[in-house]
Amino acid sequence: MDNNWTSIKHFQIVAFSNNTDKSHIFFLIFFCIYMSGLLGNFIIISTVIIDVHLHTPMYVFLCNLSVVDIIFTSSTLPKLMDILLTRNFSISFTQCFTQLYFFMFAAGTEDILLSLMAYDRYVAVCKPLHYHLIMNKKKYILLLLGTWICGSANSVFMTVSIYHLDLCRSDKIQHFFCDIKALEKISCNNTSMHIILYVETMTLSLGLGPFLVSLTSYIKIIGVVLQIQSPEGRKKAFSTCTSHLTVLGMFYGAGMCMYLKPPSEHLEEQDLVFSTLYTAVTPMLNPIIYSLRNEEVKVAMKKTIICIVH
């Protein structure tokens, strides 16, 4: 490890440093996004736990997705709101790497979890008679445990790898949180290239594997649905997948725009937009999409809210 790291006590988060006159406006926007996401995801979690009719693989996966989304937004937005409110753009070394770990943990876990949800929909639509045999309780619990362990292990490897980067350019992070790409930008290209290549390869592998599982699952689902003769039958079969497909599209769309676009020396407005979509807006919209598009969740949520109020 380079001595430059040991001399650093704080980084400077500079994404909003040029808009200090709008800090309170940005704070209110992110506060609303964060609180909406927390409320929506807590309602989803409560609904699935309370309503025994939702104790099925599909909704257990959804409950876990809501937990991951809470970790996702909580890893970045509270510190950002503190920066915007106090106008102290400093983040300590420990805070930065803690934030990086939990962000990578949530991103990796959600990536794998979404592919499991796609596989679950594939079994439900393409092999309905064998669904309860294939997706039995023991199997989906083991899949969930494996997902959380893989997400945590990947995050540890990523965080440790970034920790060993040689820093030589600056202590200013051109982002609104400690992200891999932002830290790579302030590293020495000549001494850290092998670490950067390793991290990018691992990121691509983790993203590509689950994405291919999801893509393959939906290609097979569409093939089966198109073979159904009646329009009503096709609509009913595909309606169970639309919520997850929408969430999947938002997650991978924003993620690709954030990580696969060519690197730039200066943070552009579109970088902030894509990053905000990926880290804050998508986790906030997930419970809204599932509650609006899934009638079973909608009915159960109403019961849960009435139960909580009374």
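Atoms CZ and CD1, from F177 and I83 in turn, are 12.0 Å apart once rounded to the nearest 0.5 Å. We find the CD1-NZ distance between I134 and K127 to be 6.0 Å, quoted to the nearest 0.5 Å. For the atom pair L39 CG and I70 CD1, the distance stands at 10.0 Å (nearest 0.5 Å). Separating the CG atom in D171 from the CD1 atom in I186 is a distance of 7.0 Å, to the nearest 0.5 Å. The OG atom of S75 sits 9.0 Å away from atom CZ of F102, with the distance rounded to the nearest 0.5 Å. In this structure, CD1 on I149 lies 13.5 Å from CG on N154, to the nearest 0.5 angstrom.
For V125 against V224, the heavy-atom pair with the smallest separation is O-CG1, 4.0 Å. Here the shortest heavy-atom pairing between Y59 and V48 reads O-CG1, 3.5 Å. Summarising the geometry of C126 relative to P128, their closest heavy-atom pair is C-CD, 3.4 Å, with the distance given to 0.1 Å. Of all non-hydrogen atoms in S90 and Q12, the two that sit nearest each other are CB-NE2, 3.8 Å. Closest approach of F176 and I13 over heavy atoms only: CA-CG2, 3.6 Å.
Listed by chain and number, the residues in a side chain to side chain contact (heavy atoms under 4.5 Å, CB included) with L28 amount to none (sequence neighbours excluded). For C96, the disulfide (SG to SG under 2.5 Å) partners at least two apart in sequence or on another chain are C178. By the side chain to side chain contact (heavy atoms under 4.5 Å, CB included) test, S36 is found to be paired with M284, residues two or more places apart in sequence or in another chain being considered. Taking the ring pair (Phe, Tyr, Trp, His ring centres under 6.0 Å) definition, one finds that F61 meets it with nothing, sequence neighbours left out.
Residues M250 and I289 are in side-chain contact: their nearest non-hydrogen atoms beyond the backbone lie under 4.5 Å apart. Looking only at side-chain heavy atoms (C-beta outward), T73 and T279 stay at 4.5 Å or farther from each other. The closest side-chain heavy-atom distance from M135 to M58 is not below 4.5 Å. Proximity of Q99 to I91: side-chain heavy atoms (C-beta onward) are separated by under 4.5 Å at one or more points. With contacts defined as side-chain heavy-atom distances shorter than 4.5 Å, the pair Y140/V60 qualifies. Residues P287 and I43 form no side-chain contact, since every pair of their non-hydrogen atoms from C-beta on lies 4.5 Å or further apart. Counting only heavy atoms from C-beta outward, the side chains of I221 and C241 approach each other to under 4.5 Å. No side-chain heavy atom of T282 sits under 4.5 Å from any side-chain heavy atom of L285.
In the hydrophobic cluster analysis, where Ile, Leu, Val, Met, Phe, Trp and Tyr join through side-chain heavy atoms closer than 4.5 angstrom, I71 is grouped together with L145.
Of the possible donor and acceptor atoms, none in the side chain of S155 sits under 3.5 Å from a partner among the backbone N and O of G151. Under a 3.5 Å cut-off, the side chain of N136 and the backbone N or O of H132 do not form any donor-acceptor pair. A donor-acceptor contact shorter than 3.5 Å links the side chain of H55 to the backbone of I49.
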Kindly list each side-chain donor-acceptor pair under 3.5 angstrom involving residues 106-119, sequence neighbours excluded, with atom names and distances?
| from | atom 1 | to | atom 2 | distance (Å) |
| --- | --- | --- | --- | --- |
| T109 | OG1 | F105 | O | 2.7 |
| D111 | OD1 | Y252 | OH | 2.4 |
| S115 | OG | I112 | O | 2.6 |

Which donor-acceptor pairs under 3.5 Å do side chains of residues 208-218 form with protein atoms, sequence neighbours excluded?
| from | atom 1 | to | atom 2 | distance (Å) |
| --- | --- | --- | --- | --- |
| S214 | OG | P210 | O | 3.1 |
| T216 | OG1 | L212 | O | 2.7 |
| S217 | OG | V213 | O | 2.8 |
| Y218 | OH | H244 | ND1 | 2.7 |

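For the side-chain contact (heavy atoms from CB on, under 4.5 Å) with N286, the qualifying choice from V281, T246, D69 is D69, the only one to do so.
Here the two rings, on Y163 and F93, have centers that are under 6.0 Å apart.
Donor-acceptor pairing under 3.5 Å is lacking for the side chains of Y290 and T47.
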